[in-house]
Asker: 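Following this message is one structure expressed as structure tokens.
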Amino acid sequence: MVGPDLGRGAAIFTFVAGCWLAAGCAGTPTLGPEIGLAPRSLPDSRSGAASGITVVGVADEWRYSPGNLPDHVTPVRVKVTNNRSEPVLLTLEDATLIDDRGLRRIALPPGDAVQRAARTAGEASVGPGIRPSVSISQGIGVGGMGISIGGLGMGSGPFGAGPGAESENDVEALEVGLRPGRLDPGASVDGYLFFESPLQPAERARRFRVIWDIRPVTAVGAPLAPPIFRAEVPLVAR
């Protein structure tokens, strides 16, 4: 027979454990590489071109600012390496996240992803009917970016925080976001892709794929060339 104190303690432990498990299962899932499944580079059916590009998922929990970003978009860290003898072009418009039901999410520029998180956070901190302003501005010459939320400036760029910015206000998502553009032979780039809409708790354990069409580099001002092949990266929500 279990004594009253021991029984009460066991009940409390069971309740706390249940709450902890429920909280863990109710949190926003994260996407990472699916163990046992290697990424693939698929020749494009229109050109039959050989691969030469590797795109792999990198296991990494979101630990950057803004911390609430996974509540508004789906971040996926990938590494792209160009093993070809000529440069290729990486564009966010050619990257798509697809789940095992066929649902597609398009890739967003890092600035757009930050705006989504900042807009929601700002609306929660002000009264009804008040909408804070959110603006992204491209830096000139240094490739940096600045963000202004409700008139309070925050800066982030390749050389650290901008003038007047506190270190705690650095927007790291703008730094860790994968920068599209030319990828030279033998070079690699590592960073986050941000896809529209966050993962839901019910999507935990679902399989996903990043599909990325890779194009050859064309002259400035010329139309984009057709993709030469398609990279596929298997992922799973945990």
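Just so it is clear, the model here is predicted, and its values are computed rather than measured. Note that these values count all heavy atoms, side chains included, but never hydrogens, waters or copies made by symmetry.
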Asker: So if you build clusters from Ile, Leu, Val, Met, Phe, Trp, Tyr with side-chain heavy-atom gaps below 4.5 Å, do F194 and L31 land together?
Answerer: no

Asker: List the residues meeting side chain to side chain contact (heavy atoms under 4.5 Å, CB included) with L103, not counting sequence neighbours, and say none if there are none.
Answerer: D99, R101, R105

Asker: Side chain of N82, backbone of A187: donor and acceptor closer than 3.5 Å?
Answerer: no

Asker: According to ring-ring contact (aromatic ring centres under 6.0 Å, His included), who are the partners of Y192, at least two apart in sequence or on a separate chain?
Answerer: W62, Y64

Asker: How far does CG of N68 sit from CG of D71, to the nearest 0.5 angstrom?
Answerer: 6.0 Å

Asker: Could you tell me if the side chain of P70 sits less than 4.5 Å from the side chain of H72, heavy atoms only?
Answerer: no

Asker: Do you know the tightest heavy-atom contact between P223 and T218?
Answerer: O-OG1, 3.6 Å

Asker: Name the one of I98, L199, V236 that satisfies side-chain contact (heavy atoms from CB on, under 4.5 Å) with F208?
Answerer: L199

Asker: Hey, are the side chains of D184 and P87 touching, using non-hydrogen atoms and a 4.5 Å cut-off?
Answerer: yes

Asker: Would you call L235 and R207 a side-chain contact if the rule is heavy atoms closer than 4.5 Å?
Answerer: no

Asker: Can you check salt bridge (Lys or Arg N to Asp or Glu O under 4.0 Å) on R215 and D213, steps first, answer last?
Answerer: CA-CA 7 Å; R215 302 176 186 269; D213 290 330; over 6 Å; no

Asker: Flag yes if V78 and V73 sit in one hydrophobic cluster, no otherwise; membership is Ile, Leu, Val, Met, Phe, Trp, Tyr, and two members link when side-chain heavy atoms are under 4.5 Å apart.
Answerer: no

Asker: List the residues meeting side chain to side chain contact (heavy atoms under 4.5 Å, CB included) with T81, not counting sequence neighbours, and say none if there are none.
Answerer: T54, K79, N83, S188

Asker: What is the minimum heavy-atom distance between P110 and G177, and which atoms define it?
Answerer: CG-CA, 4.0 Å

Asker: Is there a side-chain contact between P66 and V171, using heavy atoms and a 4.5 Å cut-off?
Answerer: yes

Asker: Run the side-chain contact (heavy atoms from CB on, under 4.5 Å) test on R84 and I53 for me, step by step, so that the C-alpha distance in whole Å, both residues' side-chain angles and the decisive distance to 0.1 Å come before the verdict.
Answerer: CA-CA 7 Å; R84 297 170 66 87; I53 292 286; 4.1 Å; yes

Asker: Taking L108 as the starting point, is it possible to reach V176 by hopping between hydrophobic residues whose side chains are less than 4.5 Å apart?
Answerer: yes

Asker: Treating T96 as the side-chain partner and I106 as the backbone partner, does any N or O pair qualify as donor plus acceptor under 3.5 Å?
Answerer: no

Asker: Identify whether V88 and V189 are in the same connected component of the hydrophobic contact network (ILVMFWY, side-chain heavy atoms under 4.5 Å).
Answerer: yes

Asker: So which atom in P216 and which in P226 form the shortest heavy-atom distance, rounded to 0.1 Å?
Answerer: CD-O, 3.3 Å

Asker: Determine whether more than 12 heavy atoms belonging to other residues, nucleotides or ligands lie under 6.0 Å from atom CZ of R104.
Answerer: no

Asker: Apply side-chain contact (heavy atoms from CB on, under 4.5 Å) to residues D190 and L178 and explain how you reach the verdict.
Answerer: CA-CA 6 Å; D190 182 338; L178 191 145; over 6 Å; no

Asker: Quick check on E61: does its CD atom have over 12 non-hydrogen neighbours (other residues, nucleotides or ligands) under 6.0 Å away?
Answerer: no

Asker: Report yes or no: does D112 contribute a side-chain atom to a donor-acceptor pair with the main-chain N or O of R116 at less than 3.5 Å?
Answerer: no

Asker: Please check this pair: side chain of R179 against backbone of G191, looking for a donor-acceptor N/O pair closer than 3.5 Å.
Answerer: no

Asker: So if you build clusters from Ile, Leu, Val, Met, Phe, Trp, Tyr with side-chain heavy-atom gaps below 4.5 Å, do L97 and L69 land together?
Answerer: no

Asker: Checking V210 against F195 for the side-chain contact (heavy atoms from CB on, under 4.5 Å) test, could you report, in this order, the C-alpha distance in whole Å, the side-chain angles of both residues, the deciding distance, and whether it holds?
Answerer: CA-CA 10 Å; V210 169; F195 295 95; 4.2 Å; yes

Asker: Please examine the side chains of L174 and V114, heavy atoms only from C-beta on, and report whether any two atoms are closer than 4.5 Å.
Answerer: yes

Asker: Once you round to the nearest 0.5 Å, how far does CZ of R238 lie from CD of E203?
Answerer: 15.0 Å

Asker: What do the steps show when you test L90 against W212 for side-chain contact (heavy atoms from CB on, under 4.5 Å), and what is the final call?
Answerer: CA-CA 9 Å; L90 305 178; W212 205 345; 3.9 Å; yes

Asker: Heavy atoms, side chains only, cut-off 4.5 Å: are I214 and P227 in contact?
Answerer: no

Asker: Verify, without hydrogens or angle tests, whether E232 (side chain) and I211 (backbone) share a donor-acceptor contact under 3.5 angstrom.
Answerer: no

